[in-house]
Amino acid sequence: MKRLTIKKLIVISQSESRSLEIPFKNGLNIILGGNKTGKSSIIKSIFTTFGCECKRIEKDWEKIISAYLLFFKYGEKQFCVVRQDKKIQIFENNDDSYSCIIETEAFHEFSNCLMDILEVKMQCISKEGKQFNVTPPLLFRFQYIDQDEGWSKIADSFRNVGYIKNWKTNTNKYVCGYLDDAYYELQAQKEEHNKKKELHYNQNFVSRITSTLTQFENIESVEEVITDIESLIDKAEELRKMQFSYNAEMTVLENDIYVNQHKLHIVEHNLIETKKDIEFAMTQEDELVCPICGTIYSNGLEEQLNITSDYAHCEKLITELRNSISIATEELEELKEKYNEVSLEIQSIEQKVHNSQELLSYSSFYKNKGQYEIYESCKRQLEDLQGEIDSYVSKIAIIDKKINEKKSKKRSKDIREDIEEYCRTLADAINLPKTFIKLRDFVQIIDRTGSETPRLVYMYQSALYLYNLYRTNSPFNFYVVDTPNQQGQDAENLESIFKSLELFLSDEGQVIVGTERETGIEEKASNVIKLTEKRRCLNNINYSKHLELLKELQKIAISRVAFKHKTRNEK
């Protein structure tokens, strides 16, 4: 059974002339170190090298690390991924000699190559409709609980997934094996055999040719068609002039409406203020004091009549403006209707011109080559194709049956029950009620708060790892858990999480745990890495050796590029 095993990680900082090498083994690996000793940065570096963009990463770490080298084994073959900024290379390692498989800055080129190595064939579609194989952040999303957001949401630690259509539901079903490689291979076979689309296309083509030939019987001459085309083009030009005129008139009316609406707003505001002035004046004596500026004004009958006259003038002006806006709006709607009618007529004429031009093209061809030559040829092709279709139909039916078996309710139920059984094992281990186990689309529903949320996440993703461990050849036999001690658990809950790590001791898989506290099972673990230096875990002990290895790999990659270039030129 093929397994994915991380052998070691090397990170190099050329700016600081320091590096770090972390070896990993099968079974349980514990990275033990206090706060700010680099545990999470080391763990994130594994996924960064694989092309996964972690949602959060230390800025200092990103800034100083110039190269990541990740050595892994799949089946009997060994590989090394080198990442320097956006450039990623994959090397195969045979007896300490390396050969470069790929060097690229294109993420999907690297991803496709890695999936070929891991023998994964899950077709994905971007939101723009582009097809490609599954990418590392989708493939590994259930295999990482990061210290930041990974304990509050299941399998949501990477950024570069959102552009893929239905990325959650599809990978949910793939990782648990419900829709596995066999399902996607069947879909590919079905697409290959499915010639019905081609048949449909040919039937439409023959129908179109038949319709065209029927039209030829009514054509008196090519010259007549040309005359009709010229007449249609002239008519379209006249209509475009009308269209331009209507558009200009509409622009003037829209401007008038806008100006009058603005005037109306001002006059309505003045009317309100004038009404306030009248009401104020009627309550004052023969002289009134302005409540704003303090100026004294005469408030006799003549002055009050003047204010009333202003109010009447405002009301009249409002009526006139509203009438003007209403009339202009009606005229604008009539012009829009005329404009749309002309636009439709122009479209109709353009289609007639296109059809006539196409007819001329067919007519010329048939005149020189024989009117029914292409028609008869197409009929013969259709008859041949029908024979092929008959054989494909039975093959497609067989494939459909296999696909339906993969998507059967019984199979879905069996898988869900198997995962739930592992969830119950984990729930017992970490003091969670089994009634909390609720799967939807094979994934645990997070409907709890407080300290129960991180434990639900840990329960499910750990259960999924154990479920996949003995299921099949797959890259799902490694699992990374970062800093469970920072997730708000009391001493009893934290101890139960640490004790549950005993479930991950099997050498058939690989688990990497980063923690600030000793777990109590270090002696049972396959590998314990202790970090002591604050802020930086890099050192200069093996820097020269690591840099030399990096340079050697770059020379091999350059030689590969030069060889490909030479081969291309020779061709």
Side-chain angles (χ1 to χ4, degrees), residues 1-5 50 52 72 74-75 111-112 114-125 132-145 154-158 161 164-190 399-427 437-445 457-480 503-504 506 508-511:
M1 188 177 288
K2 290 184 178 179
R3 301 292 195 187
L4 172 63
T5 306
F50 270 139
C52 307
F72 70 93
Y74 189 68
S111 175
N112 288 336
L114 182 62
M115 295 308 128
D116 286 343
I117 291 170
L118 300 178
E119 301 172 3
V120 172
K121 294 180 177 64
M122 176 192 166
Q123 288 299 310
C124 295
I125 302 174
F132 45 83
N133 206 346
V134 66
T135 61
L138 283 181
L139 191 72
F140 297 140
R141 56 186 285 251
F142 287 99
Q143 290 159 258
Y144 178 39
I145 304 180
I154 286 177
D156 193 23
S157 296
F158 304 126
V161 292
I164 297 172
K165 190 176 180 181
N166 298 327
W167 63 275
K168 284 188 178 180
T169 52
N170 286 343
T171 50
N172 293 354
K173 294 171 183 176
Y174 181 80
V175 171
C176 72
Y178 178 59
L179 300 183
D180 55 10
D181 287 335
Y183 169 82
Y184 287 99
E185 285 173 8
L186 287 170
Q187 288 284 27
Q189 289 175 27
K190 182 178 177 180
I399 292 172
D400 279 337
K401 183 179 178 181
K402 291 180 179 178
I403 288 173
N404 289 333
E405 287 173 359
K406 286 283 182 184
K407 298 175 72 174
S408 71
K409 290 183 178 179
K410 182 182 182 306
R411 189 162 176 273
S412 171
K413 180 174 177 288
D414 290 344
I415 290 172
R416 188 179 66 253
E417 288 178 351
D418 286 345
I419 296 173
E420 286 174 345
E421 184 60 35
Y422 283 105
C423 285
R424 283 190 282 273
T425 301
L426 264 298
I437 300 171
K438 298 175 187 175
L439 301 190
R440 180 189 298 148
D441 263 349
F442 310 104
V443 178
Q444 172 67 35
I445 298 171
V457 172
Y458 175 76
M459 175 204 73
Y460 172 74
Q461 292 194 216
S462 299
L464 187 63
Y465 163 75
L466 292 173
Y467 163 78
N468 277 318
L469 195 56
Y470 303 104
R471 184 172 63 84
T472 183
N473 293 341
S474 80
F476 304 131
N477 59 285
F478 92 98
Y479 177 42
V480 180
L503 296 169
F504 308 137
S506 170
E508 293 293 328
Q510 185 178 50
V511 176

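Only a predicted model underlies this, so the values are computations on that prediction, with no experimental measurement involved. Excluded from the calculations below are hydrogen atoms, water molecules and symmetry mates; all remaining heavy atoms, backbone and side chain alike, are included.
- Between Tyr470 and Ser506, some side-chain heavy-atom pair lies under the 4.5 Å cut-off.
- Considering all non-hydrogen atoms of both residues, Ile419 and Ala463 come closest at O-CB, 4.3 Å.
- Of the inter-residue distances, the one linking Glu420 atom CD with Thr425 atom OG1 reads 12.0 Å to the nearest 0.5 angstrom.
- Rounding to the nearest 0.5 angstrom, the gap separating the CG atom in Asn477 from the CG atom in Asn468 is 9.0 Å.
- Annotation: the span from Lys409 atom NZ to Asp414 atom CG amounts to 14.0 Å, rounded to 0.5 Å.
- In plain terms, the two heavy atoms of Asn170 and Met122 that are nearest each other are CB-CE, 3.5 Å.
- Residues satisfying the side chain to side chain contact (heavy atoms under 4.5 Å, CB included) criterion with Asp156, sequence neighbours excluded, are Lys55, Lys153, Trp167.
- Qualifying side chain to side chain contact (heavy atoms under 4.5 Å, CB included) partners for Lys173, counting only residues two or more places apart in sequence or in other chains: Tyr178, Leu179, Asp441, Phe442.
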Please report the C-alpha distance between Leu503 and Ser462 in whole Å, then the side-chain angles of each, then the deciding distance to 0.1 Å, and finally whether the side chain to side chain contact (heavy atoms under 4.5 Å, CB included) criterion is met.
-> CA-CA 9 Å; Leu503 296 169; Ser462 299; over 6 Å; no

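- Considering only residues two or more places apart in sequence or on other chains, Gln143 meets the side chain to side chain contact (heavy atoms under 4.5 Å, CB included) condition with Phe140, Phe476, Phe478.
- Nearest approach of Pro137 to Phe158, heavy atoms of both residues: O-CD1, 3.4 Å.
- By the 4.5 Å heavy-atom criterion applied to side chains, Met115 and Pro136 are counted as neighbours.
- In this structure the side chain of Leu139 reaches within 4.5 angstrom of the side chain of Leu118, judged on heavy atoms.
- Every residue two or more places apart in sequence or in another chain was checked for a ring pair (Phe, Tyr, Trp, His ring centres under 6.0 Å) with Tyr460, and none qualifies.
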Verify side chain to side chain contact (heavy atoms under 4.5 Å, CB included) between Tyr422 and Leu469, making sure each step is shown before the conclusion.
-> CA-CA 11 Å; Tyr422 283 105; Leu469 195 56; over 6 Å; no

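- Going from atom CD1 of Ile164 over to atom OG1 of Thr171 covers 9.0 Å, rounded to the nearest 0.5 Å.
- Although no hydrogens or angles enter the test, the distance criterion places a donor-acceptor pair under 3.5 Å between the side chain of Asn133 and the main chain of Val120.
- Within the 4.5 Å cutoff, no side-chain heavy atoms of Leu138 are placed close to those of Tyr174.
- Interatomic distance, Met459 CE to Leu464 CG, rounded to the nearest 0.5 Å: 11.0 Å.
- For the side chain to side chain contact (heavy atoms under 4.5 Å, CB included) test, residues two or more places apart in sequence or in another chain that qualify with Ile445 are Lys438, Arg440, Asp447.
- Pairing each heavy atom of Val134 with each of Ser111, the nearest pair is O-OG, 3.3 Å.
- Under the rule for a ring pair (Phe, Tyr, Trp, His ring centres under 6.0 Å), the partners of Tyr479 that lie at least two apart in sequence or sit in another chain are Tyr465, Phe504.
- With values rounded to the nearest 0.5 angstrom, Asn172 atom CG is found 5.0 Å from Arg141 atom CZ.
- The two residues Val175 and Phe142 make their nearest non-hydrogen contact at CG2-CD1, 3.8 Å.
- Taking every heavy atom of both residues into account, Glu417 and Arg424 meet most closely at O-NH2, 4.3 Å.
- Remark: side-chain polar atoms of Tyr467 are not paired, donor with acceptor, to backbone N or O of Asp418 under 3.5 angstrom.
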